[in-house]
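Numbered from 1 within each chain, the chains take letters A, B, ... in sequence-line order.
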Amino acid sequence: MAGINHLEANEVAKRLLTWYVQNKRDLPWRRTKDPYQIWVSEVMLQQTRVESVIPYWNRFMERFPTVESLAVAPEEEVLKMWEGLGYYSRARNLQAAVREVNEKYGGRVPDSLPDMCSLPGVGPYTSGAVLSIAYNVSVPAVDGNVFRVLSRIFLIEDDVSKPAARKKFEGIAEFLIPPGEASDFNQALMEFGARICIPKHPRCETCPVQSLCRGYREGVQDRLPVKGKKKPPRPLDIATAIVWQRDRVLITRRPPEGLLAGMWEFPSCDVSDGNRHEAELTRFFQGKWDVGLQVKSHFANLQHTFSHLHWNVQAYTCEAEAEKIPETDSVKWVTTRELTQFAMPVVHQKLAKSLDGLL
DNA sequence: TACTCGTGGAT
DNA sequence: TATCCAAGAGT
């Protein structure tokens, strides 16, 4: 292995493993060896904090405890269970993958890398994580923690935001795995990164591998890993119509692909071109349902920032001829009570919450 | 390769 | 307050 000898590797691995066994957190998905349940946890944990995932995973396991229970569930119910977690294509891909496992593999989660990796939503990290953690297969599972930990210990200055860096880190991570210890060791790398070798101000004073850490020795641990800077979110102006008909309000379902795919929302349109919101909303309803829309009053102004977008949402209370807007698979008239049954993005949940005062 | 795709918490 | 960013994958 490039610049790392066996003695060094063995010592680093041994100390991380020992530290993990003595210090690991009691997380709910660590109480099971069920590959499906571990898989679900890994998907939920993608780009998401442990504390956020715990209640979602507990509810999800209660409702969908097995591959088959998730495979046969209505997609809308799965999405509702995922509401608030973000990256909703994870839920759609997970169910598609589980259905594939149910049919092609008789309901047993694959224990081979090619099979696992071919499933939708299962990439190089998740496939390695499930195989190693659930089946103890000796494959690497390189996530953001592992990039950070290895880049510091071995002083690697490759830009980890570039896909090319992954190969090098996977090679080292695999090289480090003590024979027969893939499950604990891969989790040790991640747990260590989450608790000791943290992004800012790493706790080097209490670090079990301090004496072996090249980054610490050179005093550069705070500048690792090397990572390209993100672009700021692009601003987007949105106009939203709160359309009432007696005690019911109009909601529509977003398209099955793209931002917030399949989520329900109050009818909205992009008004970033600077046109007047009333005119744009009226045109939107005219084009979609061939119905007139009366914008009554400004209702709320909400800001919401996504990874790459910044929404400025202006919501208006409106009136329209409800008879001309029939319900379909993607159009519903619902009471505020029924609203809670539909998966909505957080920004529209906030609008929904403030609707109660309107009735 | 670079961009898309959410959310809430830490600094 | 602004920025970063957390157990990534798809295109």
| task | Mind calculating the distance between CE (A:M263) and P (B:dC5) to the nearest angstrom? | result | 14 Å
| note | Which of B:dG6, C:dA6, B:dT1 is nearest the side chain of A:R90? It is B:dG6
| query | A:K231 NZ to C:dT3 P: how many Å, rounded? | reply | 16 Å
| said: I need the CG-C1' distance between A:L309 and B:dC3, as an integer number of Å. | reply: 11 Å
| said: Reading DNA chain B from 5' onward, which residue's closest nucleotide shows up sooner: A:L85 or A:K200? | reply: A:L85
| query | When the ring planes of A:H304 and A:F306 are compared, do they come out parallel, tilted or perpendicular, using 30° and 60° as the limits? | reply | perpendicular
| message | Base, sugar-phosphate or nothing for A:G84? Non-hydrogen atoms, less than 4.0 Å. | response | sugar-phosphate
| Atom pair distance, as rounded to whole Å: CD in A:Q46 and C1' in C:dA6 | 11 Å
| said: Without decimals, in angstroms, what is the distance between A:Y125 OH and C:dA6 P? | reply: 14 Å
| request: Give the nucleotide from the list C:dG8, B:dG6, B:dA2 with an atom nearest to the side chain of A:K162. | output: B:dA2
| remark: Checking C:dG8, B:dG9, B:dT7 against the side chain of A:R49 (C-beta onward), the nearest is B:dG9
| query | Of the candidate nucleotides B:dT7, B:dT1, C:dA6, which contains the atom at the shortest distance from the side chain of A:P163? | reply | B:dT1
| Taking NZ, NE, NH1 and NH2 as the nitrogens, is one of them in A:E327 or A:R248 under 4.0 Å from a carboxylate oxygen of the other? | no
| query | Of the nucleotides B:dT7, C:dC5, C:dG8, which one has an atom closest to the side chain of A:Y87? | reply | C:dG8
| Of the nucleotides B:dT4, B:dT7, C:dA6, which has the atom closest to the A:R234 side chain? | B:dT4
| Any donor-acceptor N or O pair under 3.5 Å, side chains A:E76, A:W264 | yes
| task | Please check if any side-chain donor atom of A:R15 sits under 3.5 Å from a side-chain acceptor atom of A:S211, or the reverse. | result | yes
| Given the P atoms of C:dC4 and B:dC3, what is the spacing between them in whole Å? | 16 Å
| field | Nucleotide nearest A:V346 when distance is taken to its side chain, options B:dG6, C:dG8, B:dT7 | value | B:dT7
| Atom pair distance, as rounded to whole Å: CD in A:Q47 and C1' in B:dT4 | 12 Å
| Is A:K230 touching bases, backbone alone, or none of the nucleic acid, heavy atoms closer than 4.0 Å? | base
| field | Residue A:D143, side-chain heavy atoms: nucleotide from C:dG8, C:dC5, B:dG6 that is nearest | value | C:dG8
| query | Between A:W311 (CH2) and B:dT7 (C1'), how many Å, whole number? | reply | 13 Å
| request: Output the single nucleotide from C:dA6, B:dC5, C:dA9 whose closest atom is nearest the side chain of A:R148. | output: C:dA6
| note | OG (A:S127) and CD (A:E42) are apart, to the nearest 0.5 Å, by 10.5 Å
